[in-house]
Amino acid sequence: MSLLPEHLNAPLERLNRVYFSDPGRTTSISQGEMLVEQGQECHRLYLILEGALVAYRQAETISGTDLPAAIARKHEVFRAGPGSYVCVQAFFSRTYHSSNDIVAVEDTQLAYIDDTTPAVDEDEHGTLEHQFIPVLMHELAARNIRIFSHATEKEEAQRLLQRAEMASTLAQLSAGIAHELNNAVGVITRRTEFVADHMAEFLEEEDKLNAKLFRFGYEDTSFVAASELRALARKYERELNMPQAAAKVLAHIIPDTKTLVKYGPEFVRHVKFNYKFWELGHDLRDMQVAAKHATGIVRAVKLLGGGNSTRQEGVDVRESVNDAMNLLTNKLKHVTVETDLKPCPPITADLTELVQIWTNIINNAFDAMQQVSTPSPTIRISTESFTAEGMHLLPEEYVRVSISNNGPAIPEEIHEKIFQPNFTTKKLGLDFGLGLGLSIVRRIVDSYNGTIELNSTDGETTFSINLPTKQINGKD
Amino acid sequence: MEKINIICIDDQQEVLDSVMRDLRALTPLIRLEEASGVEDCLSLMEQIDSDGDLVGLVISDQVMPGASGTDLLAKVAADKRFAKTRKVLLTGQATHADTINAINEGHIDNYIEKPWQPEKLLSVVKKLLTLYVLDMGLDHTEYMSVLDQQTLFAKLR
């Protein structure tokens with residue numbers, strides 16, 4: 001076998017010359033032909049001169065059962081090319097029965113000796129068996145390598161299986177949690193609404209100004225920087241001589257002096273003593289905002305958990321990007337996130353799958369930047385659409401989602417590798433996702449006939465995912 | 001008379017509102033201030049100091065955009081003007097390493113986990129406020145209603 005180290009091949013040179021160069025002891029078989037069958041008598045030791053052979057073996061019975069070998073599957077035992085010996089065991093163990101089916105993979109030329117071949121130069125080199133010790137060593141080493149590589153493959157397969165199991169357990173678990181939480185959050189959302197409605201009605205009958213304050217609090221959408229609000233509240237507190245909390249409420253309602261004049265002193269006086277009605281409204285509003293936030297997270301977790309969603313028409317990729325960002329809220333706190341989500345034509349897709357793509361890429365971006373403590377880490381996400389030549393060479397509409405970060409470059413030589421399963425640059429392997437990262441991304445994108453573009457330099461790494469808006473599935 | 005301020009820092013306004021509400025019992029004797037992040041807090045402290053007022057207590061969230069709560073508390077601890085200011089970390093997601101840093105670098109006086117019990121928060125704040133008032137040599141009789149009687153009694157004995 002060519003895999004063997006040189007020092008095992010070298011001693012064979014004399015043997016090959018002395019024993020396997022007799023034109024009278026050569027044979028050839030053509031592709032697909034069987035050299036010898038499992039269990040069949042075989043008195044020859046072959047050397048492959050040209051071509052290649054494959055050996056199959058069938059278990060005597062299917063392991064763990066009494067089922068006869070007749071229906072057992074044939075397993076490939078080895079493949080051998082020029083320079084390899086075949087039927088070594090049958091020949092030297094003198095059982096003269098092949099333990100494998102040996103079939104030609106291509107047209108093959110063989111030289112052989114048989115059990116009548118005499119030893120050459122026995123005086124100088126010893127008996128035939130003695131002379132052939134290098135061949136036996138060669139065979140032993142080949143088998144050793146074979147067994148080792150089988151064992152590694154098996155271990156790897158087992159590892160992948162275990163990972164898949166873990167992923168599916170995680171999926172079930174998250175789906176379960178999502179379901180329970182959804183019910184709880186649902187109660188909070190609905191009841192907060194009821195309470196707010198009743199409260200508004202009740203106040204309307206009691207005191208119109210309080211009702212107004214309550215409504216202002218409940219519908220407050222003002223977004224003023226904390227420092228600005230603080231300064232304004234401080235001003236009101238001093239100039240209007242009101243408690244700090246009341247001044248803060250007033251600062252929320254009245255953003256400047258001009259508006260203050262418009263509302264008039266009576267309103268201000270009312271706020272001073274009744275600001276708690278604004279707070280009440282604002283509390284209910286906060287509860288709704290919080291519940292909505294929780295709903296968003298539950299939704300995203302549920303999406304990742306899989307479930308039985310399928311590809312549907314009319315999916316807005318921006319929604320999936322938002323879902324992904326919701327899922328990663330906690331991590332994204334540590335970075336600046338810039339989004340430029342341009343409207344895109346709806347696509348045929350499964351939200352779950354899209355969310356998986358974005359979370360994996362965003363998550364990687366975050367981890368990459370964190371590993372080297374990138375200064376002012378930034379993640380930019382943009383969406384757009386374009387037309388390009390697609391499958392069947394016809395123009396097709398695509399949506400493109402680009403996710404960039406200003407972290408370290410991905411070295412050119414691993415651009416391909418990073419999409420392979422089990423390839424990681426993360427030292428601490430507790431990924432957020434299902435642990436297979438970019439290989440999942442590639443699998444999903446491929447299944448959409450989409451493409452992944454990767455551009456990476458120091459300080460600017462961009463993954464762009466292009467997905468066709470229509471899925472061609474043969475139906476049309 | 002100079003005012004004692006308590007500053008709460010959190011990047012989530014809803015959380016900030018809740019903390020402020022839970023501590024409202026301390027007003028108007030104590031001023032409650034809020035900051036949305038580390039930078040905001042530091043400039044607020046500058047302003048309070050230049051107004052001649054005091055920062056008795058800083059209650060900070062850990063995980064915020066930009067710098068962390070521990071960073072902030074370490075800065076406060078290193079500033080001589082605020083040497084006696086008491087520091088509390090109020091967080092739901094500090095890692096083991098964060099916690100160690102908060103103690104070693106931020107010299108925190110207390111660690112409160114989210115979600116917090118309002119009574120627990122108030123009682124911790126009162127205790128620390130009492131220590132601050134005594135440390136600063138302020139007239140504690142001015143602040144009786146917001147101090148922790150047991151702490152006061154133990155210290156004055």
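In what follows, chains are A, B, ... by sequence order, proteins preceding strands, each numbered from 1.
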query = Are there more than 12 heavy atoms of other residues, nucleotides or ligands under 6.0 Å from atom NZ of A:Lys272?
reply = yes
key: Intermediate values then yes/no, side chain to side chain contact (heavy atoms under 4.5 Å, CB included), A:His334 and B:Val63   = CA-CA 8 Å; A:His334 303 270; B:Val63 182; 3.4 Å; yes
key: Over 12 non-hydrogen atoms of neighbours within 6.0 angstrom of CD in B:Gln150   = no
ask   = For B:Gln117, does the CD atom sit with more than 12 other heavy atoms under 6.0 Å from it, leaving out its own atoms?
value = no
task = Flag yes if more than 12 heavy atoms outside A:Phe202 fall under 6.0 Å of its CZ atom; otherwise flag no.
result = no
query = Who in residues 31-50 of chain B is close to chain A, using a strict under-4.5 Å heavy-atom cut-off?
reply = B:Arg31, B:Leu32, B:Glu33, B:Glu34, B:Ala35, B:Ser36, B:Asp40, B:Leu44, B:Gln47
inquiry  = Around atom NZ of B:Lys155, are there more than 12 heavy atoms from other residues, nucleotides or ligands closer than 6.0 Å?
reply    = no
key: Any side-chain heavy-atom pair of B:Asp17 and A:Glu279 under 4.5 Å   = no
request  = Inspect the surroundings of CZ in A:Arg269 and state if more than 12 heavy atoms from other residues, nucleotides or ligands are less than 6.0 Å away.
outcome  = no
inquiry  = Tell me whether the count of non-hydrogen atoms from other residues, nucleotides or ligands lying under 6.0 Å of NZ in B:Lys114 goes above 12.
reply    = yes
query = Rounded to the nearest 0.5 Å, how far does CZ of B:Arg24 lie from CD of A:Gln244?
reply = 9.0 Å
message = Return the CG to CD distance between A:Leu229 and B:Gln13, rounded to the nearest 0.5 Å.
response = 7.5 Å
task = Answer yes or no: are there more than 12 heavy-atom neighbours, outside A:Lys333 itself, under 6.0 Å from its atom NZ?
result = yes
ask   = Are any of the side-chain heavy atoms of B:Asp51 and A:Arg234 separated by less than 4.5 Å?
value = yes
ask   = What's the shortest heavy-atom distance between B:Arg21 and A:Asp283, and which atoms?
value = NH1-OD2, 2.8 Å
